[in-house]
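Accompanying notes for the structure given below.
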Amino acid sequence: MPETAVLLTPIHFVYLVGVIAILSVMILRIETPPVCVLFLFLMGFLGLGTVSGGIQTVFSAIIYAAREFMEVIATIALVAALSKCLTDLGSSRLLMAPMAGIMKTPTMAWWVLGLSMFLFSLFLWPSPSVALVGAILLPFAGKVGLSPLMAAMAMNLFGHGMALSYDLVVQGAPSVSAKAAGISAQDILQEGGPLFLVMGAVTAMAAFFLYKKEITEGKSGQIYCDEEMADPGVLIKRKTESGEKKTIRCSYFHGIEQEKRRAALAAAFLTPLAFLADIVFLTVCDVKGSDATSLVSGTALLVMCISSAAAYGRNSFGKITGYVTDGFLFAIQIFAPVIVIGAFFFLGGGGLNTVLGKEISSGLMNDWALWLAEYAPVNRYGSLLIQMLAGGLTGLDGSGFSGLPLTGALARTFGTASGTSIPVLAAAGQITAVFTGGGTIIPWGLIPVAAICNVDPLKLAGKNLKPVLIGFAAVFLVGCVLL
C-alpha cells in the first residue's frame, strides 16, 4: 500500500454519515442542530470509549465552536447596536435622504434602491437595512412609478444576495466558511473576490434587462401616508384646526424629536465619516483579517456611544447598555444554530484532537480527501460543481449561514483531493448557499423584504430565480478559470 494511504477508522465513517445526514435534513427543511448533537455524542463515544465521554464531547465541541465564532458574533452584535441607535435617533432617515433626491425615473429608482441596500448592508447587514431602506426610500420609488415587486427585487438581490454573500466589511459569512475550511477569511475575499464581483454584476444586469419593461413602465403618482409614518419629501395630509385636510411636504427632520435633531444630524455625519476613515486606514496601512474586523467593530461601538451620549446625556448609560444588549441578542439569534452545526464540522478538522483531548487524526475531512485523491480522483471542475450544488442544497432551509460550515469543510476536502484552490471553492459554496438560503430564491427567506414592500414572497422568489441562476452559471465559468 502506498505511503500516502490513509487508515479509515469507525470515527471516520460516523463523521461521513453525519455529513450526509445533515445535508439530507437541510434539504428536507428539518432543523439541523439535533442531528449535529446526536453525531457529536457518537463521535465522542467512539473517540473516548465511554458514554460520559460522548456527553462531554457534545458540550466541549460547542464551546470550541463558540470560541471560534466569537469574533464575528461580537462584530455583528456591535454593528447591530449602532444600527438600532441610528434608527432611534432618526439619523438613518437623514443618511438616506440624499439618495431620495436622485430618484427621478423608475429605472433610477431601481438602481438607487439596490445600490443603497448593498451599501448599507455591507456595514449594517441586510436585516436592519431592509427596514431602513424600505421605510425611507420606498415612498420615493413609488412616487416615480417603480412597482413594489420590482422595488422588492432590487432590495433583495443587492442586500440579501450580493452584500450578504460577499460580506466585505463585517466578514461574517467568509469567517464562518474560513473556519471550517481551515483558511483565513482574507483568503476567501481575495482569491474568491472575482467570483463575488461576477455574481453581483451578472445577477444585477440580468435582473434589470430581464424585467426592464416592468421596471420602466410604472405609473408615476404621489404617495400619501399618515403623518407619523411619513418620510422626508413625502406628501402628507395634516388636519387643520377647522378639521380640513391640508397637503404639506415633510421636512428632513420630520418625525425626529426637537431635542434630538442636533445629535441625529451629528451622528448622520459622524457614522459615514468614521467608516470611511476606517476604509482609508485599512487600505493605506494594509490592515487585514482580525485586525481589520476589530477596527470596524470598535468604530461601530464608539460611534454608538458618542451618538447616544450626545442625544440622551445622563440617560445615555442605560441607552448604551440597551443597544449593546439588543445587538448581542440579534447576533446570538442568528448564530445559535450555526454554533451547534459548526461544532460538528469543526471535528472534521483540527478541532477533533482539541475537543477529545487525544491524538486521533490530523483531520477527518482531510483524511477523506487523501482517500479520494488516491482511490477516486476528483476532477477540479466536478469539485466546483458539487461544491456549488451543496451550497444551494444547504440553503433550502432558508438560512444561508447554517450551510457554511458544511461548504467550508467540503471546500477543504475537494481542494485537497483535486489540488485546487480551497478559497475559490469555499467562495463558490458560500455564494450559492447565501443567495439560496439568505433570502433570494427560497420564499420563506424572503418574508422581511416582502413584508416591507407588501408583495407576495412566492412572486418575488419567482422573479429572482432567473437572474440568480444566470449568476450561478457565470460564477461556475469564472471559477473554472480561477481553479
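- Looking at heavy atoms from C-beta onward, M199 lies out of side-chain contact with L195 at the 4.5 angstrom threshold.
- T436 places no side-chain N or O within 3.5 Å of a backbone atom of A433 that could act as its donor or acceptor partner.
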Does F330 form a side chain to side chain contact (heavy atoms under 4.5 Å, CB included) with T325? I'd like the steps, not just the answer. CA-CA 9 Å; F330 173 77; T325 301; over 6 Å; no
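- Under the 30°/60° scheme for interplanar angles, the aromatic rings of Y15 and F344 are found to lie parallel.
- Note: L482 CG to T420 OG1 = 11.5 Å, rounded to the nearest 0.5 Å.
- With a 4.5 Å cut-off on side-chain heavy atoms, I22 and C36 count as touching.
- At distances below 3.5 Å, not a single donor-acceptor pair connects side-chain atoms of W110 with backbone N or O atoms of A151.
- Using cut-offs of 30° and 60° on the angle between ring planes, the pair F335 and F69 is tilted.
- Between the side chain of Q387 and the main chain of T407, a donor-acceptor pair closer than 3.5 Å is present.
- Contact of the V475 side chain with the T432 side chain is not registered, since no non-hydrogen atoms from C-beta on lie closer than 4.5 Å.
- Counting only N and O atoms by type, the side chains of S308 and S316 include no donor and acceptor under 3.5 Å apart.
- Remark: side-chain polar atoms of S91 are not paired, donor with acceptor, to backbone N or O of T87 under 3.5 angstrom.
- Pairing each heavy atom of L86 with each of T271, the nearest pair is CD2-OG1, 3.6 Å.
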Output, in order, the C-alpha distance, side-chain angles, deciding distance and verdict of side chain to side chain contact (heavy atoms under 4.5 Å, CB included) for F41 and V37. CA-CA 6 Å; F41 170 78; V37 171; 5.8 Å; no
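- Of the possible polar contacts, one joining the D167 side chain to the A173 backbone as a donor-acceptor pair under 3.5 Å is found.
- Checked by atom type and distance alone, the side chain of K179 never pairs as donor or acceptor with a backbone atom of G342 at under 3.5 Å.
- You'll find the side chain of I431 reaches within 4.5 Å of the side chain of F472, heavy atoms only.
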Run the numbers on D278 and T299 for side-chain hydrogen bond (donor to acceptor under 3.5 Å, both in side chains), then give the verdict. CA-CA 8 Å; D278 281 351; T299 299; 2.6 Å; yes
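- No side-chain heavy atom of V79 sits under 4.5 Å from any side-chain heavy atom of S297.
- Between R412 and L425, every side-chain heavy-atom pair lies at or beyond the 4.5 Å cut-off.
- A distance-only check finds no donor-acceptor pair linking the side chain of S121 to the backbone of F118 [under 3.5 Å].
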Show your working on side chain to side chain contact (heavy atoms under 4.5 Å, CB included) between M43 and L352 and close with a plain yes or no. CA-CA 9 Å; M43 292 181 66; L352 179 67; 4.2 Å; yes
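- Within the 4.5 Å cutoff, the side chain of K358 has heavy atoms near those of the L48 side chain.
- Side-chain contact between V468 and L157 is present, with at least one heavy-atom pair separated by less than 4.5 Å.
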Side chain to side chain contact (heavy atoms under 4.5 Å, CB included) evaluation trace for Y64 with L347: CA-CA 10 Å; Y64 179 88; L347 292 190; over 6 Å; no
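- Within the 3.5 Å criterion, the main-chain N or O of I441 finds no donor-acceptor partner in the side chain of N464.
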